[in-house]
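Report on the structure given below.
What's counted below: heavy atoms across the whole structure, side chains too, no hydrogens, waters or symmetry copies.
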2 protein chains.
Amino acid sequence: MPARIMNAPRTPVRQSSVRAHNLALVLQTVANSADRPSRAGISASTGLTRATVSALVDDLIAGGLLTEHDPAPRTGAGRPAAGLALSAAGPAGLGLEINVDYLAACVVDLTGEVRHRFIARHDQRPLSPGGSLTELGGLASQAISAATADGLAVAGAALAVPGLVTSSGIVRVAPNLDWLDVDAPALLNQVPGLADLPVVVDNEANLAALGELRAGDGEPTFLYVSGEIGIGAGIVLDGELYRGRRGWSGEIGHVTVFPDGRLCRCGANGCLEQYAGQEQVAADADLAAFALGVALAAVVNLLDISVIVLGGAYAPEFARLRPGIEAELTRRVLTASLAPVTLRAATLGPDAAMRGAAGAVIQQLIDDPATFLNSTS
Amino acid sequence: MPARIMNAPRTPVRQSSVRAHNLALVLQTVANSADRPSRAGISASTGLTRATVSALVDDLIAGGLLTEHDPAPRTGAGRPAAGLALSAAGPAGLGLEINVDYLAACVVDLTGEVRHRFIARHDQRPLSPGGSLTELGGLASQAISAATADGLAVAGAALAVPGLVTSSGIVRVAPNLDWLDVDAPALLNQVPGLADLPVVVDNEANLAALGELRAGDGEPTFLYVSGEIGIGAGIVLDGELYRGRRGWSGEIGHVTVFPDGRLCRCGANGCLEQYAGQEQVAADADLAAFALGVALAAVVNLLDISVIVLGGAYAPEFARLRPGIEAELTRRVLTASLAPVTLRAATLGPDAAMRGAAGAVIQQLIDDPATFLNSTS
DNA sequence: TTGATTTGTTTATTGGTTGAATTATTTGGA
DNA sequence: TCCAAATAATTCAACCAATAAACAAATCAA
């Protein structure tokens with residue numbers, strides 16, 4: 001008798017789950033609309049009845065997640081619709097980032113607008129993890145105060161870190177910061193004013209990939225590659241970040257390109273990082289592009305990804321890198337002749353990770369409004 | 001608690017969806033149980049009330065998916081329980097496989113038992129795709145007749161093919177069969193007796209990976225590598241097969257190991273296939289193991305997979321390959337020191353793909369019994 | 001034999017969606 | 001000017017499925 005693992009329901013579903021799901025469905029429909037949809041329009045595009053949509057929208061308005069606006073430009077006869085949009089006065093997300101040479105915090109409202117932005121630019125390496133996080137907590141407090149002055153309530157925070165993060169938010173290793181097993185959420189929660197703030201921690205490339213997902217062209221499956229001193233990647237499959245078994249996916253920097261090549265600080269030979277890190281791009285862009293092409297071809301062959309986004313230090317060098325990368329992709333991707341691989345530069349600048357972090361908080365609200373509504377009412 | 005981004009509910013949920021979900025939950029609970037659980041036991045392990053479980057079980061028994069058995073060995077006081085199990089007389093799955101040197105068909109019942117098995121062993125390359133599929137259709141008819149004689153109704157079929165398959169079941173390319181754009185389901189449905197049989201087609205390594213998932217130790221995230229003349233892989237993430245954007249994932253055979261190495265038939269240099277194909281393993285197992293280790297380390301670095309299963313021609317060579325592969329994994333996987341990577345041989349033999357195919361059909365039934373129940377009542 | 005205990009079923013209640021009817025608000029034409 | 005057509009949104013009875021609690025059934029143990 002085979003032991004079975006399954007992909008699906010591990011939990012029972014009751015009527016309240018139906019409501020929770022449909023609340024999310026309505027809110028997402030509004031969030032993904034270019035214009036301001038009416039209740040009737042939402043009904044048509046979701047398949048829910050107008051009666052149900054009305055009831056759900058009432059809850060979402062009462063909870064401060066949606067607002068009614070003036071009708072969109074008229075079309076013909078009939079009662080004019082009330083346009084619905086995410087509330088700019090609703091709960092906001094706090095995005096935090098800690099990196100080798102700066103700390104950053106920003107507040108993003110439900111509509112995705114960056115409302116406040118604070119940066120402290122100096123080297124973190126002399127500081128202890130506690131020191132860095134206390135200072136970051138100060139920035140966070142400032143950001144929350146600024147948001148409060150606007151009438152915005154910060155619903156949660158996400159922190160981007162250049163390192164391996166466990167699912168419980170412990171930073172296992174952050175080589176460039178010299179961190180080892182740092183409980184970042186606990187340290188942040190010690191800062192006055194942040195005591196009860198829910199904080200999630202994630203890898204910088206992962207959050208930047210999420211930022212790119214929200215800012216991008218709607219492609220739900222892509223690889224985001226962040227070239228800094230190290231090289232990391234965020235893997236987005238079907239609109240969802242793939243974190244791996246222990247949350248350590250995307251370590252493309254240590255994919256082998258030349259099996260007997262340069263010794264890497266990780267102890268292996270010929271890692272991508274040794275040929276396509278920030279400094280190597282400056283020194284020999286052709287070799288960097290070749291190495292990137294070899295490693296990216298492996299990703300495409302394995303995952304059948306059709307879009308690759310180059311971010312971090314790669315974005316400004318995109319034009320120089322592109323031809324070399326594409327040449328190797330064409331040569332080494334088995335299905336290149338059947339369907340092309342699209343290569344593009346990231347659209348968000350250096351704020352990608354911080355904005356992705358804030359975006360993750362508000363995306364969480366949009367994906368599960370029921371929990372938020374129940375907690376506030 | 002990693003935020004899931006845009007796990008978009010794109011469809012509305014109504015009461016009937018609740019029932020569909022909970023029917024699946026109950027059926028899966030029975031399927032995953034080592035013993036024969038009672039209604040009360042299911043209630044306890046799912047969180048549904050006993051009343052609800054009773055109602056759901058009644059439906060599943062009426063639909064022929066579950067059967068009641070004598071109670072399991074008594075424990076103490078109280079009314080004895082009625083043991084529930086998947087019905088061996090319920091709907092069955094037909095597994096089909098087409099490969100270079102054989103055709104195969106098997107019938108697997110709901111409990112996972114292989115009830116019938118037919119193999120025709122001869123070279124397919126002289127035949128046209130239509131010829132091969134007509135002959136395979138003959139095997140399939142035989143299998144269905146044998147099943148019918150047992151009182152088994154075949155609910156659907158899955159076909160394993162060594163090639164790239166689109167999501168609609170078209171075989172885009174199968175190099176070793178010399179197939180190009182073959183509409184396998186349509187050709188199979190032309191065989192008398194198979195006219196209305198729903199047929200899905202998938203890559204051989206993908207289906208073998210699913211077979212291994214059902215037969216394995218319960219690990220939900222692993223890479224299955226199938227070494228034949230070519231090398232393919234099936235990627236199972238969180239108990240679900242990852243097929244990629246166009247269904248072409250897992251082409252590990254064309255991951256670059258030596259950027260300037262041997263020319264591959266795909267036109268690139270240094271593909272894994274040139275060093276670790278069936279013949280190369282026989283010729284130089286050490287080099288094959290080294291090459292495999294380099295390529296597999298890339299997979300682990302990218303996907304944070306902790307289990308790798310070697311199947312196909314690798315399984316019998318496992319002992320010879322293991323040390324070399326593990327040496328490279330240890331050296332090249334960034335997180336090797338934090339958590340080890342497990343390497344094991346496949347448990348299913350050469351039938352893996354065919355059994356995985358049949359298993360996929362019955363898994364579909366178990367994951368969505370409501371559709372089956374509605375279609376038969 | 002009787003009470004304790006556990007399994008499974010019955011029944012009233014509750015939550016949530018549906019569908020049809022109703023109300024509200026506009027445009028366009030007689 | 002006024003009414004019909006059209007579209008948006010709400011109200012309300014009906015229905016479906018899960019829940020909780022009471023009840024019936026079947027066994028063990030003293």
Next item on the list: With rounding to the nearest 0.5 Å, note down the distance linking CD1 in B/Ile61 to OG1 in B/Thr67.
Entry: 7.5 Å
Item checked: Gap separating the OG1 atom of B/Thr376 from the CG atom of B/Leu373, nearest 0.5 angstrom -> 5.5 Å
Mind listing the N/O atom pairs, protein and nucleotides 8-10 of chain C, below 3.5 Å?
{"from": "C/dG8", "atom 1": "OP1", "to": "B/Ala82", "atom 2": "N", "distance (Å)": "2.7"}
{"from": "C/dG8", "atom 1": "OP2", "to": "B/Arg39", "atom 2": "N", "distance (Å)": "3.1"}
{"from": "C/dG8", "atom 1": "OP2", "to": "B/Ala40", "atom 2": "N", "distance (Å)": "3.1"}
{"from": "C/dG8", "atom 1": "N7", "to": "B/Arg50", "atom 2": "NE", "distance (Å)": "3.1"}
{"from": "C/dG8", "atom 1": "N7", "to": "B/Arg50", "atom 2": "NH2", "distance (Å)": "3.3"}
{"from": "C/dG8", "atom 1": "O6", "to": "B/Arg50", "atom 2": "NH2", "distance (Å)": "2.8"}
{"from": "C/dT9", "atom 1": "OP2", "to": "B/Ser54", "atom 2": "OG", "distance (Å)": "2.4"}

Nearest whole Å is fine: how far is [N] [atom2] from [X] [atom1]?
X	N	atom1	atom2	value
B/His21	C/dG16	NE2	P	17 Å
A/Gln15	C/dT14	CD	P	13 Å
B/Leu23	D/dA18	CG	P	8 Å
A/Leu56	D/dT10	CG	C1'	14 Å
B/Leu25	D/dA17	CG	P	16 Å
A/Ile42	D/dA8	CD1	C1'	12 Å
B/Arg36	C/dT7	CZ	P	18 Å

Notebook entry, point to check: Given side chains that start at C-beta, do those of A/Arg50 and A/Arg39 come closer than 4.5 Å, heavy atoms only?
Noted result: no
Notebook entry, point to check: With a 4.5 Å limit on heavy-atom distance, are the side chains of B/Leu23 and B/Pro369 in contact?
Noted result: yes
Margin query: Going by the rule salt bridge (charged side-chain N to carboxylate O under 4.0 Å, His left out), which residues pair with A/Arg19 if we only count those two or more places apart in sequence or in a different chain?
Written below: A/Asp59
Check: Which residues satisfy the salt bridge (charged side-chain N to carboxylate O under 4.0 Å, His left out) test with A/Arg14, sequence neighbours excluded?
Finding: none
If you compare every side-chain N and O of [X] against the phosphate oxygens of [N] (OP1, OP2), does one of them come in below 4.0 Å?
X	N	value
B/Arg19	D/dC16	no
A/Asn22	C/dG16	no
A/Thr52	C/dT17	no

Margin query: When you compare the side chains of A/Thr371 and A/Asn374, does any donor N or O come within less than 3.5 Å of an acceptor on the partner?
Written below: no
Note to self: Side chain of B/Val18 only, heavy atoms from C-beta on: which candidate in D/dA17, C/dG19, D/dT19 is closest?
What the structure shows: D/dA17
